[in-house]
Amino acid sequence: MFDVDLIRKDFPVLSRELPGGRSLVYLDSGNSSQKPNQVIDTMRDHLAHHYSNVGRAHHTLGAESTAAYEDARDVIAAFVGAPSRDEIIFTKNASEALNLVAYAFGNPIATDERFRVGPGDEIVISEMEHHSNIVPWQLLAQRTGATLRWFKVTDEGRLDLDDLNDLVNERTKIVSIVHQSNVLGTVNSVSPILARAREVGALMMLDASQSVPHMPVDVTELGVDFVAFTGHKMVGPSGIGVLWGRRELLDAMPPFLGGGEMIEAVWMDRSTYAPVPHKFEAGTPPIVEAIGLGAAADYLTGIGMADVKAHEKALTGYALDALGEVPGLKVIGPRTNISRGGTISFTLKNLSGDDIHPHDVGQVLDDAFGIAVRVGHHCARPLHLRFGIPATTRASLYLYNTTDEIDALARGLHHVQKVFG
Amino acid sequence: MIAESMYQELILEHYKHPQGRGLRDPFDAEVHHVNPTCGDEITLRVKVDEGKVLDVSYEGQGCSISQAAASVLHELATGSTVEESLGVVDEFTRLMQGRGQVEADEDVLGDAVAFAGVAKYPARVKCALLSWMAYKDAVVRSA
């Protein structure tokens with residue numbers, strides 16, 4: 001039984017007091033989520049009693065650390081429905097996972113035709129991407145002479161698939177799309193794009209940084225080729241991210257970073273490489289962070305991702321209604337609670353109809369009411385340009401948020417309008 | 001209500017009624033500065049004659065702090081000498097980068113002293129400095 005009051009007790013920070021006696025209203029989980037005791041304690045216990053290097057330390061602590069690190073891989077594989085644990089690559093974040101795949105293309109070491117990219121080839125992304133799913137592909141296009149193309153976004157904040165057959169065509173090598181937008185909250189429908197990608201022989205990647213923490217995600221059911229997500233947005237620590245990829249593709253890809261533990265044998269003039277996943281995990285990995293991420297996935301599984309999703313859907317409906325009653329507030333993204341998550345970005349005017357800058361909105365919400373939201377372009381500048389606005393205020397919800405907190409936000413916004421009236 | 005100490009009446013007044021806003025001719029240099037973390041931007045022109053600042057004109061978008069700072073800058077710099085105005089810029093920069101630990105020289109800063117509270121908010125210091133850095137850049141280019 002999902003009980004938000006009980007869940008809140010797991011997160012020590014939620015009951016802290018901010019300077020000036022304000023209580024915390026944390027509505028910035030899309031930026032980074034808070035951590036439950038279960039994650040904090042697991043990491044502390046490992047550091048205190050088991051820590052050593054993994055893979056290469058042949059003693060008791062080395063064995064314990066290695067076991068805990070590899071157990072975390074099993075947990076993550078199960079959490080996202082990966083057919084094989086070897087398909088889970090630990091990275092430092094989702095950006096690194098996306099870069100790892102982008103750098104596999106157009107690399108002279110790559111002999112597999114699917115990863116050859118040159119002039120005439122095309123890469124397809126969308127206008128609603130986070131910079132981490134834009135810049136790596138821009139760099140790939142610049143390195144190889146390939147052409148970068150993108151889906152447009154409709155006024156309602158949905159992907160515009162009218163041009164699907166033109167955009168994804170025989171020249172397309174990869175399509176990389178966000179699963180849930182970090183600004184609009186839109187959850188994109190993968191299947192029509194994937195069907196077209198398959199038709200033309202293109203690979204498909206999903207940036208699932210904002211979906212894996214908030215809904216059941218099964219990579220096998222999704223049917224795409226690569227999925228990237230990050231630990232710190234799913235009640236885990238920062239410094240750890242995940243790339244899931246199809247084994248057969250990961251095997252065909254060249255290594256990304258070279259270094260310790262990613263090799264099989266090294267001579268002065270050449271090397272052979274370890275099998276996946278270790279081929280892509282050069283150097284000492286973020287050991288305790290990976291173990292913490294495993295604890296985070298266990299925690300979320302214990303609560304039930306279907307229940308997390310249901311809680312957030314109810315909260316999102318409540319928030320869309322509450323914010324809809326604030327005069328001068330415009331939601332940027334779907335206003336209906338269908339195929340969208342609990343990320344709500346908006347612009348705000350004062351009662352005279354003048355824009356109030358999100359920086360000013362966020363500052364007053366924080367300083368006067370302890371409400372933490374994110375303000376700015378949320379690492380999605382092209383999307384803001386598309387809507388003709390420099391920035392938005394964003395409230396992003398998670399399993400520990402309550403309707404009281406949304407009421408506090410609505411009250412806070414009325415106060416903001418008075419200050420800048 | 002910590003915010004009230006940052007949003008001084010004078011700042012809100014300049015924000016609501018910006019002084020000298022709008023790009024004007026003639027000018028000796030025009031610069032465009034942006035704050036990449038928040039998208040605030042300003043285009044600023046200066047007209048200088050024999051070491052005297054005849055006009056500072058600007059157009060931009062951003063938060064109340066960045067807009068008010070540009071307005072105050074216009075008032076302080078226009079009509080003063082380049083040398084004096086750069087002294088004010090230096091003092092303002094020192095205040096903003098002082099993390100709230102620096103005592104402002106009110107004789108030098110005039111109205112700009114109202115921004116002292118901003119220095120306690122590292123994320124907002126760049127907002128206050130945007131137009132002032134643009135001004136410094138424009139003056140250098142006008143020489």
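Order of the sequence lines sets the chain letters (A, B, ...), proteins ahead of strands, with each chain counted from 1. Owing to the predicted nature of the structure, the values given are computational and were not obtained by experimental measurement.
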How about [X]: does its [atom1] atom have over 12 heavy atoms from other parts shown lying under 6.0 Å from it?
{"X": "A/Gln138", "atom1": "CD", "result": "yes"}
{"X": "B/Arg99", "atom1": "CZ", "result": "no"}
{"X": "B/Lys16", "atom1": "NZ", "result": "yes"}
{"X": "A/Glu156", "atom1": "CD", "result": "yes"}

* How about residues 377-392 of chain A versus chain B: which residues have heavy atoms under 4.5 Å apart? ->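 When heavy atoms of chain B are the reference, residues 377-392 of chain A contributes A/His377, A/Pro390, A/Ala391 within the under-4.5 Å range.
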
* Validation row: B/Gln61, A/Asp355 side chains within 4.5 angstrom (heavy atoms) ->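 Not in contact.
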
* Would you say A/His359 and B/Cys127 make side-chain contact, with heavy atoms under 4.5 Å? ->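 Sidechains of B/Cys127 and A/His359: in contact.
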
* Asked: Quick one: CD on A/Gln363 to CD1 on B/Ile65, what's the gap to the nearest 0.5 Å?
  ->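 Reported to 0.5 Å precision, the distance equals 7.5 Å.
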
* Asked: Rounded to the nearest 0.5 Å, how far does CD1 of A/Ile356 lie from SG of B/Cys63?
  ->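 Result: 12.5 Å between the selected atoms.
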
* Answer with side chain, backbone, both or neither: which region of A/Asp354 has an atom nearer than 4.5 Å to a non-hydrogen atom of chain B? =>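 Answer is neither: A/Asp354 stays 4.5 Å or more from chain B.
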
* Asked: Would B/Tyr7 and A/Asp360 count as having a side-chain donor-acceptor pair, cut-off 3.5 Å?
  ->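 The answer is yes; a qualifying pair exists.
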
